[in-house]
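Worksheet for the structure shown next.
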Amino acid sequence: MPELPEVETVRRGLQPVMEGAKILNAEARRPDLRFPFQPDFVARLKGQVVTGLGRRAKYLMADLASGDVLLMHLGMSGSFRVIKPESDAQPGAFHYPKAKDSAHDHVLFRMSSGADIVFNDPRRFGYMKVIARNALDDEPLLRGLGPEPLGNEFDAAMLARSCAGKTTSLKAALLDQRVVAGLGNIYVCEALHRSHLSPRRIAATLSTKKGEPTDHAKRLVGAIHTVLNDAIKAGGSSLRDHRQTTGELGYFQHSFRVYDREGETCTTPRCGGTIKRFTQNGRSTFWCPKCQK
Ligand SMILES: [Zn+2]
């Protein structure tokens, strides 16, 4: 499942062909993805200029000149492809003319920038919805999302406040989208390893009795920033479904220190421990019992 760095990578890939361009045509090739398309989905997109392409947690948000926002979620297996006329081809990351399997091309945007943007989603857990910008606060999909992990709001003090009194594990707290938005299993495992904190640690230990952030909280926030920024720099990750779809937007090789490395030697200098895996809240947790306390 794409996580925040992958979604941010996709955003950066789409930005040059979407921002400032008009949607000349929009097509939904089936009645639904995870949810049915709104009856006026296409009508609200056609002819609209995209004034900006942003991201909130794992949602891409295209601002339209009409005052609407197009909300897009990749789900489990969604990806975008940008098709440009060959003469226009630019070397580098985001030009991939060939469809992998066009049977799963479900949404198409023809942009005035000359690009066709295709949304492909074999498993159809992705979704798109057009919402009036002034109604975003009431949107159930967005309501209750915590701070952006790379935003200014999210710091050790805020994390400590959110975790104060919480008896759940640190891992569960970090996966709670109300605590911090957009973190998933992979980057939580990675951030905990880099900050040398056990995934089983009680979340409340990030906060002193007075609710101040402990050194652990500061270390953890630093690790979250580092791991996300590194992954964005590397262009997101290549995983599972995405591993075979080489050439599609946003999925590149990225090496993890702990995720999916069960049985391997810990990469922490002078640790020498072995990476273990166990199931926690229904998900695989990878960690080093020797240097994560
Ligand atoms: Zn270790």
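Values in this document were obtained by computation on a predicted structure and should not be read as measured data. When a ligand or atom number is given, it counts from 1 through the structure's own listing order.
- A donor and an acceptor atom, one from each side chain of Arg277 and Ser284, are located under 3.5 Å apart.
- With the Zn ion (ligand 1) as vertex, Cys291 SG and Cys271 SG subtend 110°, rounded to 10°.
- A salt bridge links Arg194 with Asp230: at least one charged nitrogen is closer than 4.0 Å to a carboxylate oxygen.
- Looking at Arg29 and Glu27, a side-chain N of the basic residue comes within less than 4.0 Å of a carboxylate O on the acidic one, giving a salt bridge.
- Residue His193 does not count as close to the Zn ion (ligand 1), with no N, O or S atom under 2.8 Å.
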* To do: Go through the steps for Leu183 and Leu4 under the test side chain to side chain contact (heavy atoms under 4.5 Å, CB included), then give the verdict.
  => CA-CA 6 Å; Leu183 283 189; Leu4 188 150; 5.7 Å; no
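- In summary, an N, O or S atom of Cys266 is located under 2.8 Å from the Zn ion (ligand 1).
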